[in-house]
Amino acid sequence: MLPWDRVAEFEGVTENGVTINAKGITFTYRQIKEGVVLLVGIAQQVERIMDRNVEDDDASIRCDLTNFSLRNRMPPIGLHLGDFEVQLFSLNWGNRTQMLREHAKVYQYAMVASCLKVDHVAPDQEAEILDHLQEVAFLLSIACRGHVDIVAQHVQKAGKLHSTFIEPTFTEAKWIRPLIPDEAIADFLQDVYPLSGSQMDHLAIGYAIEHYLKALTMESAWPLSAGIFTAMEALKTAFFAQNQNNEEVEASAYWVVPYQDFVENHDMINDILNVLRRYFERFGELQTNERDSLKAQIKGLHRRSYKTQLRWMLEALEIEPNGKELQNFINARNDVIHRGSPVPLDSTPENYDANVDRAWRDVCNAIALFERTLLAFLKYNHDSPRELFNQQPTL
């Protein structure tokens with residue numbers, strides 16, 4: 001029997017005279033009909049060599065995207081990003097149903113429905129362009145509230161088409177309603193892309209967005225809320241790290257006194273321990289590891305309160321919380337962080353469902369505040385109606 005599921009490389013010529021070389025093949029099924037074995041699968045790398053002479057060395061690069069789609073019949077979106085022109089458009093597959101079915105067998109249920117394309121790419125620009133397109137895909141992840149991955153790279157030049165297929169990191173379904181609607185995608189990318197490099201250079205912002213996108217794949221208020229509050233913490237860390245030398249943000253916004261001045265003041269820390277021993281003798285009986293742990297906690301006393309840090313960040317980003325929005329966010333965050341649940345632990349069978357519904361509303365409101373903060377951090381200040389970007393997310 002043909003070890004069809006173990007074939008790693010294949011080379012052949014189509015009836016149209018196109019030479020195909022495929023590597024890293026994963027076959028999804030086989031069919032034997034009239035003595036002919038038909039194998040269907042997906043290859044990680046495919047090179048198609050067409051029989052024609054092309055003198056132009058410039059390349060055309062197309063990257064297929066998973067988890068992102070535009071409205072039906074929406075025309076391509078032209079983007080001027082940096083020094084190059086990008087087109088974002090929907091893919092029109094010949095046998096779309098069959099393609100998606102086979103693709104889903106390998107990638108769970110990730111769907112390829114759109115792509116990014118750049119024409120007239122000089123040979124020495126290919127690697128740079130691919131990096132830029134990865135960054136655009138990252139920004140599209142924010143726009144559609146779900147991980148957008150490049151799953152295929154097609155480079156066409158000098159009569160050859162070389163395709164590389166990449167398994168996406170995440171294939172979870174995104175939320176139904178996007179953060180940025182299709183008609184505002186161009187404005188969003190044009191506004192955010194020039195700043196994204198400098199804004200993303202701190203790891204914390206990457207962590208914040210990763211927590212945010214991963215949280216949105218959850219269907220329970222418990223892990224969803226934990227992810228959103230962790231995302232806000234990471235975003236806050238990124239904000240203060242990037243603005244520590246910004247005169248518009250108070251130098252003491254994060255710490256009451258400078259960090260090193262406090263933690264390196266060993267006499268002060270020992271004095272605090274002595275005060276604790278004077279009032280409570282048991283503090284004098286602590287073991288060495290317990291004393292070290294207590295000292296570490298004392299070193300955190302100079303940090304501003306969570307509410308103060310969050311309020312100052314929102315003010316610096318010119319975000320005005322609605323009514324009790326900030327306090328409700330903090331209360332919900334404290335419930336999850338300190339009690340492990342957005343639902344009161346003393347809930348009874350009679351009021352449990354109502355408390356769960358209230359927890360969901362609190363989580364959705366927390367997501368809305370985080371998203372407004374994230375867009376402000378990315379300096380997205382387009383004049384589109386604010387309600388477009390302050391909707392309650394919907395699964």
Are any of the side-chain heavy atoms of [X] and [Y] separated by less than 4.5 Å?
X: Phe89; Y: Ser114; answer: no
X: Leu294; Y: Phe283; answer: yes
X: Asn365; Y: Glu325; answer: no
X: His132; Y: Leu81; answer: no
X: His120; Y: Phe84; answer: no
X: Trp360; Y: Leu224; answer: yes

Can you name the salt bridge (Lys or Arg N to Asp or Glu O under 4.0 Å) partners of [X], sequence neighbours left out?
X: Glu85; result: none
X: Asp362; result: none
X: Arg339; result: Asp335

For this session: Report, as yes or no, whether the 6.0 Å neighbourhood of atom CD on Glu285 holds more than 12 heavy atoms from other residues, nucleotides or ligands.
Result: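 Yes - once you tally the heavy atoms of other residues, nucleotides and ligands closer than 6.0 Å, there are more than 12.
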For this session: Please check if atom CG in Asp131 has more than 12 non-hydrogen atoms from other residues, nucleotides or ligands closer than 6.0 Å.
Result: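 Enclosed: over 12 neighbouring heavy atoms sit under 6.0 Å from CG of Asp131.
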Exercise. Are side-chain N/O atoms of Ser141 and His147 paired as donor and acceptor at under 3.5 Å?
Worked result: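 No, because no side-chain N or O of Ser141 sits under 3.5 Å from a partner of the opposite role on His147.
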Say whether, by atom type as modelled, one donor and one acceptor occur between the side chain of [X] and the main chain of [Y] under 3.5 angstrom.
X: Gln327; Y: Lys324; value: no
X: Gln153; Y: Ile61; value: no
X: Arg372; Y: Glu320; value: yes

For this session: Verify ring-ring contact (aromatic ring centres under 6.0 Å, His included) between Phe329 and Phe229, making sure each step is shown before the conclusion.
Result: CA-CA 9 Å; Phe329 181 96; Phe229 295 127; 5.1 Å; yes
